[in-house]
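The next block holds one structure in the form of structure tokens; read it before the comments.
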Amino acid sequence: MPRFHIDEVCPKGDVYPMIVYFQNGYINDKFKSNECVLYENEDDKRKCIATEINKMIYSGEEEKEDLGKTLILARNKRTGKVRLIEVGNVELKPVIKSNLDATEVTETSYLELSRKFGSKKHKQIMEHREKLKINVSTVTEQMQNVTDSVTEDQLDISSYNRQDSDEFYIPPINREASKVDEVYDIDTLLTEEQYDKISAEIEGSDYMKDLNPFLKSIAIKSLSEKHTVLLVYANALLQLFATLMKDIGRKNFVACPYSVTLNDIILKNFLSNVNGKRGRSPQFKDKSLCHALVFILLINNYKFDFDELCQQLKLTPRTVTSKVALTGATLVNTGSKKVAQLKLPLNKPALRRKSTK
């Protein structure tokens with residue numbers, strides 16, 4: 001055996017030779033050279049070869065060589081120089097083209113054969129299977145039409161967003177306020193437009209005759225336009241709190257007969273509405289009382305007679321105490337009576353209804 005002197009060693013470069021073998025056959029003398037496409041994986045830089053032979057596509061990815069390298073020995077017959085060339089190995093596999101509609105065609109053909117040549121029972125089975133098929137696009141369109149017809153008024157989900165929070169029961173509160181008059185901002189209770197509309201609607205009306213006796217004692221004082229609106233607002237909420245659910249459910253129920261604007265605000269924010277039917281959970285009932293207490297505090301110099309309020313509303317002191325605490329006010333003993341007063345530091349929340357389910 002002649003000895004060869006290796007003149008050059010050629011490691012892998014950007015492009016290098018590949019030893020190709022086929023998964024389903026071997027290369028013989030009849031094999032003709034064919035063009036191929038070379039790809040490179042951007043992640044691991046491995047090469048991939050694809051070619052077409054007899055209308056069949058073959059492809060394969062370069063095999064990893066963790067334990068060694070594949071080298072071929074090449075000799076130049078003219079110069080006699082010998083080189084070692086590092087190569088890669090690729091196994092080419094046929095790529096089977098899948099017809100996505102073939103299954104549907106097969107099922108359709110099977111259904112037609114069953115209808116013509118199948119037994120009566122088999123025909124029923126195939127017809128039943130055909131009825132169970134769902135047109136996805138049709139169902140999607142139907143669901144879109146259903147969701148488009150659902151409105152917020154039908155579901156009224158906005159009022160359920162914060163029922164697990166103590167802040168659900170009271171108007172926006174600033175518990176970090178440095179002054180008492182900064183705890184509740186009167187301008188956040190209603191907009192300027194709402195204040196103006198409600199004030200114009202109640203002006204000239206006989207709302208004083210329907211005021212709760214407790215509120216009448218406050219109304220004697222000279223109140224500003226906004227405080228007058230809050231007075232009527234508080235009275236409507238106290239009446240709502242005392243109204244039975246069977247009366248609230250009536251179509252002709254009115255929460256505030258003196259102002260259409262205020263009536264709409266109360267019905268929207270203090271009652272639930274599902275598919276046009278009014279409802280009132282215990283949480284909503286508590287909310288109406290807590291809001292009324294806040295309005296009374298604001299229009300009566302941040303305090304009111306606790307015992308007189310309980311007497312006029314015909315509520316037990318225990319029931320009202322928890323609501324007063326939630327507003328941030330504190331019960332103060334003044335002689336023989338108690339006074340609810342909003343002062344700093346604010347009282348900690350004490351009310352949260354728990355579900356009985």
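Because the structure is a prediction, the values reported are computed rather than measured.
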Point to revise | Aromatic ring proximity, centroids under 6.0 angstrom, F241 and F284 | key: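 Distance test on ring centres: not under 6.0 Å, no.
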So [Y] and [X], do their side chains get closer than 4.5 Å, heavy atoms only?
{"X": "I173", "Y": "L346", "value": "yes"}
{"X": "I85", "Y": "L71", "value": "no"}
{"X": "V37", "Y": "Y39", "value": "yes"}
{"X": "F306", "Y": "V339", "value": "no"}
{"X": "V20", "Y": "N89", "value": "no"}
{"X": "I19", "Y": "I72", "value": "yes"}
{"X": "L231", "Y": "H227", "value": "no"}
{"X": "T51", "Y": "I53", "value": "yes"}

May I ask you to decide if [Y]'s main-chain N or O and [X]'s side chain share a donor-acceptor pair within less than 3.5 Å?
{"X": "S272", "Y": "G279", "answer": "yes"}
{"X": "H291", "Y": "K287", "answer": "yes"}
{"X": "Q239", "Y": "A236", "answer": "no"}
{"X": "N269", "Y": "I265", "answer": "yes"}
{"X": "E8", "Y": "R83", "answer": "no"}
{"X": "N54", "Y": "M56", "answer": "no"}
{"X": "T228", "Y": "S224", "answer": "yes"}

Exercise for review: Check side-chain hydrogen bond (donor to acceptor under 3.5 Å, both in side chains) between K81 and all other residues, then give those that pass, not counting sequence neighbours.
Suggested key: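 Here no residue qualifies.
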Exercise for review: With sequence neighbours excluded, tell me which residues meet side-chain hydrogen bond (donor to acceptor under 3.5 Å, both in side chains) with E201.
Suggested key: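 Testing E201 for side-chain hydrogen bond (donor to acceptor under 3.5 Å, both in side chains), a comparison that skips the adjacent residues, returns S259, T261.
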Exercise for review: Using side chain to side chain contact (heavy atoms under 4.5 Å, CB included) as the criterion, list what pairs up with E225, not counting sequence neighbours.
Suggested key: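 Listed in chain order: D196, S199.
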[X], [Y]: one ILVMFWY side-chain cluster at the under-4.5 Å cut-off?
{"X": "V254", "Y": "V232", "value": "no"}
{"X": "V87", "Y": "Y21", "value": "no"}
{"X": "L240", "Y": "L244", "value": "no"}
{"X": "F253", "Y": "Y258", "value": "yes"}

Point to revise | All pairs passing salt bridge (Lys or Arg N to Asp or Glu O under 4.0 Å) where residues 269-283 contributes a residue, at least two apart | key: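 Of all non-adjacent pairs touching residues 269-283, none passes salt bridge (Lys or Arg N to Asp or Glu O under 4.0 Å).
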Check your understanding: Does any pair with a residue in residues 298-315 pass salt bridge (Lys or Arg N to Asp or Glu O under 4.0 Å), and if so which ones, sequence neighbours excluded?
Key ->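 Qualifying pairs: D305-K337.
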Which atoms form the tightest heavy-atom contact between [X] and [Y], and what is the distance?
{"X": "L215", "Y": "A234", "result": "CD1-C, 4.2 Å"}
{"X": "N212", "Y": "F214", "result": "OD1-N, 2.8 Å"}
{"X": "N263", "Y": "C256", "result": "OD1-N, 3.1 Å"}
{"X": "C36", "Y": "I49", "result": "CB-CG2, 3.9 Å"}
{"X": "P171", "Y": "L189", "result": "CB-CD2, 3.4 Å"}
{"X": "C310", "Y": "P317", "result": "SG-CA, 3.9 Å"}

Distance, nearest 0.5 Å, that separates [atom1] of [X] from [atom2] of [Y]:
{"X": "M245", "Y": "K285", "atom1": "CE", "atom2": "NZ", "value": "11.0 Å"}
{"X": "L344", "Y": "T330", "atom1": "CG", "atom2": "OG1", "value": "9.5 Å"}
{"X": "L309", "Y": "L238", "atom1": "CG", "atom2": "CG", "value": "7.0 Å"}
{"X": "L92", "Y": "S59", "atom1": "CG", "atom2": "OG", "value": "7.5 Å"}
{"X": "I186", "Y": "Y184", "atom1": "CD1", "atom2": "OH", "value": "13.0 Å"}
{"X": "I296", "Y": "N300", "atom1": "CD1", "atom2": "CG", "value": "8.5 Å"}

Could you check whether atom [atom1] of [X] has more than 12 heavy atoms from other residues, nucleotides or ligands sitting under 6.0 Å from it?
{"X": "E193", "atom1": "CD", "result": "no"}
{"X": "E192", "atom1": "CD", "result": "yes"}
{"X": "E182", "atom1": "CD", "result": "yes"}
{"X": "K197", "atom1": "NZ", "result": "no"}
{"X": "E52", "atom1": "CD", "result": "yes"}
{"X": "Y16", "atom1": "OH", "result": "yes"}

Exercise for review: Report the C-alpha distance between K323 and Y169 in whole Å, list the side-chain angles of each, state the deciding distance to 0.1 Å, and finish with yes or no for side-chain contact (heavy atoms from CB on, under 4.5 Å).
Suggested key: CA-CA 9 Å; K323 278 71 172 178; Y169 300 95; over 6 Å; no
Practice item. Mind checking ring pair (Phe, Tyr, Trp, His ring centres under 6.0 Å) for Y58 and listing every partner two or more places apart, or none if nothing turns up? Key: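 In terms of ring pair (Phe, Tyr, Trp, His ring centres under 6.0 Å), with neighbours along the sequence ignored, Y58 is linked to F22.
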Practice item. Using a strict 4.0 Å threshold on nitrogen-to-oxygen distance, state whether E62 and R46 make a salt bridge. Key: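 Looking at E62 and R46, the cut-off is not met.
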Point to revise | Derivation and outcome, side-chain contact (heavy atoms from CB on, under 4.5 Å), residues F304 and V324 | key: CA-CA 11 Å; F304 61 80; V324 170; 4.2 Å; yes
Exercise for review: Please report the C-alpha distance between E61 and N41 in whole Å, then the side-chain angles of each, then the deciding distance to 0.1 Å, and finally whether the side-chain contact (heavy atoms from CB on, under 4.5 Å) criterion is met.
Suggested key: CA-CA 9 Å; E61 193 173 50; N41 192 320; 3.6 Å; yes
Exercise for review: Determine, step by step, whether T316 and V320 satisfy the side-chain contact (heavy atoms from CB on, under 4.5 Å) criterion, reporting the C-alpha distance in whole Å, the side-chain angles of both residues, the deciding distance to 0.1 Å, and the verdict.
Suggested key: CA-CA 7 Å; T316 63; V320 183; over 6 Å; no
Review point. Which class fits the ring pair F270 and Y233: parallel under 30°, tilted 30 to 60°, perpendicular over 60°?
Key: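 If you compare the ring of F270 with that of Y233, the planes turn out perpendicular.
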Check your understanding: So, is the end of the K226 side chain (NZ or CZ) under 6.0 Å from the ring centre of Y195 and within 45° of the ring's axis?
Key ->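 Checked: cation-pi criterion met.
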Check your understanding: Checking K343 against Y302: charged group under 6.0 Å from the ring centre and within 45 degrees of the axis?
Key ->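 K343 over Y302 ring: no.
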Check your understanding: Just one of L326, L293, D286 clears the side chain to side chain contact (heavy atoms under 4.5 Å, CB included) bar with I170, so which one?
Key ->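 So the option named by the test is L326.
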